[in-house]
Amino acid sequence: MDKKKILILGASGFVGNAIYKELCSYFDTYGTYCSNRSFAKNKQFLRYDIEEDDIFKVLEKVKPDVIVSSLRGNFPAQIQAHQHLMEYLMQTDTKLYFISSANVFDAYSKYPSYEHDKTLSLSVYGRLKIKIENMMMRLPKGKTAILRVPMVFGNASPRIKEIKENIANKEPIEVFPNLIINVTNDDRLTQQIHYLINRNKTGIYHLGSNDLIQHEEFIKEVIEHLGNYHPIYKRVYTTNEDRYLAALPKDNILPRNLRISCQEIIEHHLPV
Ligand SMILES: NC(=O)c1ccc[n+]([C@@H]2O[C@H](COP(=O)([O-])OP(=O)(O)OC[C@H]3O[C@@H](n4cnc5c(N)ncnc54)[C@H](OP(=O)(O)O)[C@@H]3O)[C@@H](O)[C@H]2O)c1
């Protein structure tokens, strides 16, 4: 079978590596790393520093059918690299899947947002994501997929690792009682991305739980699942009213078996 060639930018990171592991048995999968030298000897990995290296060189080497962008790093350098990616997409049949964020809606605090709502952000991070999304929307349909992702949890996630460390060190755990969110985990997120790539899907996808939960309630329930702990909570109020940070799916719905609820994500966490 003619396997698709996939290039994951940021494949040494939490999200990028989870995607790499999900895809590598099914596709001819390559990834980039930057500072994490543990990938240096892996033949499927290339070193790429967004501030120093030319993305075209990586693209010329791999000649991917699909690029998944899951990078962090200097913001102006991210913009420039994605501008170059757009040029490459115009010259080739390659598709780009961009890991965006629910933060593209962080200026709208009174309600959750859906795929085709107008984006607006008050944060530098959200504005960066919007800028890259807008570049992608100027390209012909069928070349790009914008994947808006809420906070990602999971046993190996940095967020859960930090919670476990705080419990072990008896440090307070920050919770946001006024913040209403949707969430996801690494396993379901990567299955969803696998499905989208397999089916050549493009467009805008909100890859989070179908339902909402208060941040404080979610974190407390996850901790109950981790074991019989009684940590100190630091309740952080950023506003007096409830605030939403949620990108819910409505127009581009995935098959039932690929959807997830907050409760499933909570129950997925294993005791320490
Ligand atoms: N984690 C979440 O909850 C979440 C939620 C929504 C959206 N996202 C998005 O998902 C993407 C990945 O996030 P993550 O949580 O997986 O972050 P991460 O674990 O910090 O991974 C970031 C990746 O980017 C690479 N990188 C960092 N600086 C670089 C540079 N100067 N040049 C080239 N590569 C560089 C890292 O390589 P090295 O480690 O090798 O340096 C790593 O592979 C981001 O775009 C983020 O906005 C994440």
Side-chain angles (χ1 to χ4, degrees), residues 3-101 103-104 124-139 143-149 152 154 156-158 161 186 189-190 192-194 196-197 202 207:
K3 270 193 190 176
K4 268 187 198 154
K5 230 186 219 190
I6 314 253
L7 171 65
I8 300 162
L9 304 174
S12 54
F14 165 56
V15 172
N17 198 247
I19 300 171
Y20 180 86
K21 285 184 183 149
E22 169 69 25
L23 300 182
C24 69
S25 322
Y26 302 92
F27 303 101
D28 190 10
T29 313
Y30 297 82
T32 68
Y33 68 96
C34 180
S35 62
N36 188 337
R37 289 263 155 204
S38 65
F39 293 90
K41 287 207 172 112
N42 186 327
K43 285 201 307 277
Q44 301 300 112
F45 278 72
L46 296 90
R47 179 149 201 281
Y48 167 62
D49 183 339
I50 207 166
E51 288 182 60
E52 287 175 9
D53 301 322
D54 183 352
I55 189 77
F56 285 116
K57 288 204 175 125
V58 179
L59 298 169
E60 275 313 310
K61 258 191 204 150
V62 178
K63 295 196 169 44
D65 300 304
V66 171
I67 302 166
V68 180
S69 166
S70 182
L71 288 167
R72 290 199 196 264
N74 174 279
F75 286 5
Q78 281 198 49
I79 290 169
Q80 201 194 24
H82 285 85
Q83 261 156 0
H84 289 167
L85 286 176
M86 301 305 137
E87 286 173 34
Y88 186 80
L89 296 186
M90 288 307 290
Q91 294 158 11
T92 60
D93 288 331
T94 307
K95 284 185 168 54
L96 172 66
Y97 288 72
F98 174 62
I99 310 292
S100 188
S101 158
N103 278 85
V104 298
V124 189
Y125 172 66
R127 288 196 195 131
L128 165 80
K129 295 290 192 190
I130 291 175
K131 200 158 188 166
I132 296 173
E133 285 193 3
N134 288 345
M135 284 182 206
M136 295 173 70
M137 286 182 199
R138 286 194 283 272
L139 257 55
K143 284 205 172 277
T144 66
I146 291 169
L147 313 179
R148 297 197 185 116
V149 176
V152 187
S157 65
K161 280 188 187 156
D186 46 354
L189 174 66
T190 57
Q192 292 172 334
I193 295 173
H194 188 164
L196 294 173
I197 292 176
T202 53
L207 302 183

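Counting begins at 1 with the first residue of the sequence.
Atoms CG and CG, on L85 and L96 in that order, are 6.0 Å from each other to the nearest 0.5 Å. Distance NZ/K63 to CG/D93: 13.5 Å, rounded to 0.5 Å. Put simply, CD1 on I130 and CG on N103 are 9.5 Å apart, with the number rounded to the nearest 0.5 Å. Between I79 atom CD1 and N74 atom CG the span is 9.0 Å, to the nearest 0.5 Å. Here the straight-line distance linking atom CE of M137 with atom CD1 of I132 works out to 12.0 Å at 0.5 Å rounding. Atom-to-atom distance recorded for F39:CZ and F45:CZ is 4.5 Å, nearest 0.5 angstrom.
E60 has its side chain within reach of Y88: a pair of non-hydrogen atoms, C-beta onward, lies under 4.5 Å apart. Using a 4.5 Å heavy-atom cutoff, the side chains of V15 and V149 are not in contact. Within the 4.5 Å cutoff, no side-chain heavy atoms of S157 are placed close to those of V152.
A donor-acceptor contact shorter than 3.5 Å is absent between the side chain of K57 and the backbone of D54. Side-chain atoms of D65 come within 3.5 Å of backbone atoms of K5 as a donor-acceptor pair (strictly under, hydrogens ignored). Of the possible donor and acceptor atoms, none in the side chain of K21 sits under 3.5 Å from a partner among the backbone N and O of T190. A donor-acceptor pair is defined here as one N or O able to donate and one able to accept, closer than 3.5 Å; no such pair exists between the side chain of N17 and the backbone of G13. Q44 contributes a side-chain N or O that, together with a main-chain N or O of T29, makes up a donor-acceptor pair within less than 3.5 Å. Within the 3.5 Å criterion, the main-chain N or O of C34 finds a donor-acceptor partner in the side chain of R47.
Checked options L71, T32, I55; the residue passing with I50 is L71 (criterion: side-chain contact (heavy atoms from CB on, under 4.5 Å)).
In plain terms, the two heavy atoms of I67 and P64 that are nearest each other are CG1-CG, 3.7 Å. Contact between K61 and L46 at its shortest, heavy atoms only, is CD-CD2, 3.6 Å. Between F27 and I197, the shortest heavy-atom contact is CZ-CG2, 4.1 Å. Of all non-hydrogen atoms in M90 and L139, the two that sit nearest each other are SD-CG, 3.9 Å. Pairing each heavy atom of I146 with each of S100, the nearest pair is CG2-CB, 4.1 Å. Summarising the geometry of L89 relative to T94, their closest heavy-atom pair is CD2-O, 3.3 Å, with the distance given to 0.1 Å.
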query: Should Y20 and Y30 be marked as a ring-ring contact (aromatic ring centres under 6.0 Å, His included) after you check the CA-CA gap, both sets of side-chain angles, and the distance that decides it?
result: CA-CA 8 Å; Y20 180 86; Y30 297 82; 8.8 Å; no

message: Pair Y97, S69 - check side-chain contact (heavy atoms from CB on, under 4.5 Å), show working.
response: CA-CA 6 Å; Y97 288 72; S69 166; over 6 Å; no

- request: Applying side-chain contact (heavy atoms from CB on, under 4.5 Å), run through D28 and K4 and close with a yes or a no.
  value: CA-CA 6 Å; D28 190 10; K4 268 187 198 154; over 6 Å; no

- prompt: Could you walk me through whether L207 and I193 pass the side-chain contact (heavy atoms from CB on, under 4.5 Å) check?
  reply: CA-CA 9 Å; L207 302 183; I193 295 173; 4.0 Å; yes

query: After noting the C-alpha distance and the side-chain angles of K143 and K95, does the key distance pass the side-chain contact (heavy atoms from CB on, under 4.5 Å) rule?
result: CA-CA 5 Å; K143 284 205 172 277; K95 284 185 168 54; 5.5 Å; no

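In this structure, F98 and H82 have perpendicular ring planes: the angle between them is above 60°, well past the 30° mark.
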